[in-house]
2 protein chains.
Amino acid sequence: MHAYTASRISLPSHSAQPSPPAAFGSEPQQPVNFFPAGSEIYAQGEKAGALYQVEFGAVRIYRLLADGRRQISAFHLAGETFGFEADSTHHFFAEAINATGVRAFRFSAGADMSHQLLPLALKGLTRAQEHLLVLGRQNAIERVAAFLVDMAERQGGLRQVELPMSRMDIGDYLGLTIETVSRVFTRLKDKGVIRLLSLRSIEIVKHDALHCMSE
Amino acid sequence: MHAYTASRISLPSHSAQPSPPAAFGSEPQQPVNFFPAGSEIYAQGEKAGALYQVEFGAVRIYRLLADGRRQISAFHLAGETFGFEADSTHHFFAEAINATGVRAFRFSAGADMSHQLLPLALKGLTRAQEHLLVLGRQNAIERVAAFLVDMAERQGGLRQVELPMSRMDIGDYLGLTIETVSRVFTRLKDKGVIRLLSLRSIEIVKHDALHCMSE
DNA sequence: CTGGGCACTTGATATGGATCAACAATCCGC
DNA sequence: GCGGATTGTTGATCCATATCAAGTGCCCAG
């Protein structure tokens, strides 16, 4: 169904960790599971019961409508954690965007992880609520600008930003079509705000201007 | 700035509680704070440090862009809880929609509430992520239908649904203008799917059809 | 190196919802 | 109950983005 080409990109792994990454309790180090590009990590409806931490690569979290429309609610880069659910069922799909390593932390029965989980859940909640503002009230340029600013910050705030995902993924994250995403990239390039180093790698030339556009 | 008229509506308080409402630890019963229609409960940037439970009335949680565009990320009805933040600062505004009673639970220093808070935070996270799908990928009719279905469920699944908020609030929640919200209501009425009992009270005539439209 | 298949870009056109503009209904103070 | 203010509805028009349709360039298999 989805056929994705293998990753050419390795993201810098100094991405800003939303909260202390490793050190989940004093559990023994979990093995890293490998997922090739486009492969499913879990599916909507499956039984949940583990947290996942991205070791390398990138993950998309999404939902589908009956007719195939897709909304990506989050991307997760190296160092970030995903997989919590309100009940014991996954309400979303998780897929590796490209070759990705993931550490799974199963909940040991009885162990109360709520102390570690709460800050991660709250961080996710804030992120999702901020994304609501983007989807509900911002136009195409503002959405793309906000996305690029966010990606830049999560990659350490460098000028060069790697985009591990396709234009379609970006569109499905921002509630836009691939054509609109592409056109906005071109416009930003023409304005000298960004440079397209390659399809999946951009340089932010005018950081302030970009930040401004994202409101 | 915002002037809201006083509430004419008292919501049925048997609304489906997302999780056990009262019983926050064994704390002494907190007093109910009263907020008149349109009044602020907390503001973005303020110091956080309490959870709030709606006793009666309704609350809107929102963010603003610099130019005044507003996105309401959630409504909270009687029995529901709001106010958690990832850090000690409020990232959103909370306002009483109409005359509203709220119980505030301050975090006692040292007390670890994470066990109670986590399920509420996760519930909120799932809600927000589902709302992302609505804002990112659904059209006006689907958005309104999804909103009405949600409101109906939260009010016990009865035919008659009370809408404590204005069309503007609904628009700012669904990422639409008041005109579009109004037109969709009219269309649903003309199709015989709903009946408008009064401005703030509707009857769902064809529940299945409505559910279907919300996808 | 060559050819086929994707992912992406670019252009032309269509359209859903925004905007602008009256108008109608409801609420509320007096 | 009256009159002004506020909230909601309806209609006409506009525009941002979707959709449809070529094209281009990149990547991988052979």
Side-chain angles (χ1 to χ4, degrees), chain A residues 1-9 36-38 65 67-71 97-99 134-145 163-172 174-190 194-202 213, chain B residues 1-9 36-38 67-71 97-99 134-145 163-190 194-202 213:
Chain A
M1 184 174 285
H2 297 277
Y4 294 92
T5 57
S7 163
R8 289 169 299 107
I9 292 165
L65 288 171
D67 60 4
R69 280 173 289 176
R70 182 178 73 157
Q71 177 63 42
I97 292 175
N98 20 63
V134 174
L135 294 188
R137 287 295 177 216
Q138 296 198 264
N139 63 30
I141 305 182
E142 291 168 335
R143 292 182 199 205
V144 172
L163 304 177
M165 68 292 285
S166 67
R167 299 289 188 268
M168 166 131 299
D169 284 338
I170 297 173
D172 284 350
L174 296 177
L176 301 172
T177 59
I178 46 177
E179 292 95 329
T180 300
V181 172
S182 181
R183 278 185 247 269
V184 172
F185 271 61
T186 304
R187 271 222 267 168
L188 290 174
K189 187 193 68 183
D190 290 349
I194 62 172
R195 286 206 302 156
L196 301 172
L197 305 178
S198 76
L199 279 178
R200 304 277 176 102
S201 179
I202 66 153
M213 288 176 188
Chain B
M1 183 175 285
H2 296 277
Y4 295 93
T5 58
S7 163
R8 290 169 300 106
I9 293 166
D67 61 3
R69 281 174 289 176
R70 182 178 73 157
Q71 177 63 42
I97 292 176
N98 20 63
V134 174
L135 294 188
R137 288 296 177 214
Q138 296 197 257
N139 63 30
I141 306 182
E142 293 169 334
R143 292 182 200 204
V144 173
L163 304 178
M165 68 293 285
S166 67
R167 299 288 188 270
M168 168 131 297
D169 284 338
I170 297 174
D172 284 350
Y173 178 67
L174 297 177
L176 300 171
T177 59
I178 46 178
E179 292 96 329
T180 300
V181 172
S182 181
R183 277 185 248 269
V184 172
F185 271 61
T186 304
R187 271 222 268 167
L188 290 174
K189 188 192 67 184
D190 291 349
I194 63 172
R195 285 205 303 156
L196 301 172
L197 306 178
S198 77
L199 279 177
R200 304 278 176 104
S201 179
I202 66 153
M213 288 175 188

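Chain letters run A, B, ... following the sequence lines, proteins first and then strands; every chain starts at 1.
- Counting heavy atoms from C-beta on, the side chains of A:M168 and A:R70 come closer than 4.5 Å.
- Taking A:D190 as the reference, A:T186 meet the side chain to side chain contact (heavy atoms under 4.5 Å, CB included) condition, with sequence neighbours excluded.
- In this structure, the salt bridge (charged side-chain N to carboxylate O under 4.0 Å, His left out) partners of A:R137, at least two apart in sequence or on a different chain, are B:D172.
- Every residue two or more places apart in sequence or in another chain that forms a side chain to side chain contact (heavy atoms under 4.5 Å, CB included) with A:T177 is listed here: A:E179, A:T180.
- Note: CZ (B:R187) to P (D:dT9) measures 15 Å, nearest angstrom.
- Between A:L135 and A:L174, the shortest heavy-atom distance links the atoms CD2-O, 3.2 Å.
- As rounded to whole Å, 21 Å separates atom P of C:dG16 from atom CG of A:N139.
- In this structure A:E142 satisfies the side-chain hydrogen bond (donor to acceptor under 3.5 Å, both in side chains) test together with B:R69, sequence neighbours excluded.
- Within residues 174-184 of chain B, the residues that have a heavy atom under 4.0 Å from DNA chain C are, in order of number, B:G175, B:L176, B:T177, B:E179, B:T180, B:R183.
- Residues meeting the salt bridge (charged side-chain N to carboxylate O under 4.0 Å, His left out) test with B:R187, sequence neighbours left out: none.
- Between the two ends of the helix from C:dC1-D:dG30 to C:dC30-D:dG1, each summarised by a five-pair axis, the helix axis turns through 50° (rounded to 10 degrees).
- Between the CZ atom of B:R200 and the P atom of D:dT7 there is a distance of 8 Å, given to the nearest Å.
- Here the side chains of B:M165 and B:Y173 are not in contact, with every heavy-atom distance at 4.5 Å or above.
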